[in-house]
Amino acid sequence: MSTAVALQDLACGFPIPTGDTYWAVRDLSFETPAGSFTAIVGPTGCGKSTILNVIAGLLAPSAGRVLIAGEPLSALNRNATYMFQQDALLPWKSVIDNVALGLLFAGVPRSDARRQAQTWLDRIGLAAFAEHYPSQLSGGMRKRIAMAQHWVMERDLLLMDEPFSALDVHTRQAMESELLALWTGSGRTVLFVTHDLEEAIALADEILVISAGPASRVVSRHVVPLARPRDLLEIRTHPGFHELYGRIWTDLRREVVRSRERTTA
Amino acid sequence: MAAGVLIVWQVLATRRLIDPFFVSRPSAIAGRVWEWMASGFIWRHLAVTLEEAVLAFVIGTVLGIGAGFVLARGRRASLIFNPYLRVLNALPRVVLAPLFLLWFGLGIWSKVALGVTLVFFVVFFNTYQGVRDVDRVLVDNARVLGASEAALIRHVFGPSALTWIFSSLQTSIGFAIVGAVVGEYLGASRGIGYVISQAEGTFDTTGVFAGLAVLSVCVVIVGEAVARLERRLLAWKR
Ligand SMILES: Nc1ncnc2c1ncn2[C@@H]1O[C@H](COP(=O)(O)OP(=O)(O)O)[C@@H](O)[C@H]1O
Ligand SMILES: [Mg+2]
């Protein structure tokens with residue numbers, strides 16, 4: 001199987017007021033096979049968003065290489081879409097125009113773009129809200145629209161940064177199911193950042209644990225052996241689930257504790 | 001409230017508790033305005049003032065928006081020009097009026113120039129803030145979706161700046177009219193400012209107040225039209 005994303009000895013530093021450099025990640029390497037669903041977990045502030053920013057081409061690394069489908073990345077990553085942790089819909093555009101935005105940028109005529117966007121709104125069950133503005137919708141609806149805005153682009157790589165962390169449990173589970181349904185059979189690669197280990201296990205093929213910052217690295221990788229398709233309502237009662245949770249949590253817990261000690265020290 | 005003030009004013013002036021020579025009387029002012037409208041006298045002057053104000057507004061807005069975008073998006077342009085703009089904006093514009101009279105003559109263009117210097121800075125600072133104010137994540141998201149710089153300006157920075165420009169529109173339109181009237185007041189042969197200054201020269205307080213009344217009504221009408229347009233264009237805010 002080919003490799004969708006490979007990071008080799010990645011380092012990202014930010015200048016800090018004292019004149020020194022804060023190394024958010026350092027000597028970080030991993031690769032993900034094309035078509036896989038990889039979850040990245042780690043304590044808050046360990047550099048998860050930074051890693052996605054680099055893969056999206058929004059942030060140039062201080063050192064190391066980024067290979068996308070084998071090619072070094074030098075500018076914005078045209079193979080990827082990126083669903084940000086924060087709300088990123090344009091408040092002055094209607095729902096349908098927001099979903100059609102990327103197509104419009106790609107030169108698709110407006111009426112075609114809107115037609116395709118409409119198909120996606122049908123798919124995520126929000127067709128009735130096409131002409132609403134984002135501010136008129138709930139947080140869960142806005143996340144679904146953001147998902148459609150990125151999936152409509154049909155790019156090979158999907159970067160998602162804690163997309164569901166602000167949602168209540170039920171909305172969240174519905175969104176997770178929706179995401180799996182969209183991804184299954186699509187052949188696309190997903191990199192999914194979360195701080196919720198249960199969510200990571202339920203969704204992913206493989207889980208990367210990132211160490212507490214500064215100078216974060218990949219601490220361990222865990223393959224999730226749970227069969228697909230998965231029933232997200234049942235999966236947490238699966239015996240394999242708890243065994244795996246316990247194993248990964250041992251690693252993650254250690255980093256969370258270290259992270260807490262550093263921020264309170 | 002306003003009616004109350006007018007009634008008290010009228011009563012005080014009629015009973016000569018205050019001297020109508022200095023403050024006139026509402027009934028006399030209304031009569032004068034009516035006279036002006038009937039004879040067509042005021043329309044000629046109002047048309048000149050509005051023409052100057054519209055020109056000042058359009059030119060000042062176009063320049064302000066252009067400069068706002070260039071300085072907000074170009075780091076180097078901002079470093080070079082920002083200090084100069086701040087100094088220029090600190091100048092009291094009224095002292096420029098005689099200079100403009102000298103440069104552009106007694107016709108409409110000296111008034112337009114004065115209005116432009118007032119309108120430009122309001123629009124410029126608001127455009128600049130509007131572009132700078134855009135949430136970083138909205139820009140990154142649009143870029144990931146493939147937006148070029150032109151597309152960013154059209155779909156992201158433009159609409160954001162528009163909300164700021166609109167919030168200052170009442171001010172910039174007011175300034176366009178102030179520029180025209182002050183310019184006329186200081187030297188012209190036509191326009192509402194000229195009418196007021198003529199009335200003043202002959203101690204005709206009724207004429208001064210009538211001129212001010214016409215001007216106020218104009219500003220209110222334009223302001224209402226702007227508020228309507230704003231409600232239409234910024235519908236997404238509600
Ligand atoms: N632009 C920046 N300037 C300075 N420090 C930054 C910047 N972006 C991120 N950092 C720092 O890098 C570390 C990792 O941040 P981030 O990637 O957002 O963490 P996470 O997403 O895992 O919570 C944090 O300590 C953060 O303060
Ligand atoms: Mg983050």
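Order of the sequence lines sets the chain letters (A, B, ...), proteins ahead of strands, with each chain counted from 1.
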### Query
Checking heavy atoms, do the side chain of B/Ser160, its backbone, both or neither come under 4.5 Å from chain A?
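Contact with chain A involves both backbone and side-chain atoms of B/Ser160.
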
### Message
Quick check on the interface: out of B/Ser148, B/Ala151, B/Ala147, who has the most heavy-atom pairs with chain A under 4.5 Å?
### Response
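Counting heavy-atom pairs under 4.5 Å, the top option is B/Ala147.
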
### Message
Sub-4.5 Å heavy-atom contacts with chain A: which residues of residues 102-140 of chain B show up?
### Response
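Residues B/Val137, B/Leu138, B/Asp140 are the ones that qualify, each having a heavy atom under 4.5 Å from chain A.
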
### Message
Would you compute the distance between atom CZ of B/Arg143 and atom CZ of A/Phe105 and round it to the nearest 0.5 angstrom?
### Response
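These two atoms lie 12.0 Å from each other.
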
### Task
Measure the spacing between CD of A/Gln149 and CG of B/Leu145 and express it to the nearest 0.5 Å.
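Answer rounded to 0.5 Å: 5.0 Å.
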
#### Entry: Proximity of residues 80-104 of chain A to chain B, residues having a non-hydrogen atom under 4.5 angstrom
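Only A/Ala80, A/Thr81, A/Tyr82, A/Phe84, A/Gln86, A/Asp87, A/Ala88, A/Leu89, A/Leu90, A/Pro91, A/Trp92, A/Lys93, A/Leu101, A/Gly102, A/Leu104 of residues 80-104 of chain A have a heavy atom under 4.5 Å from chain B.
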
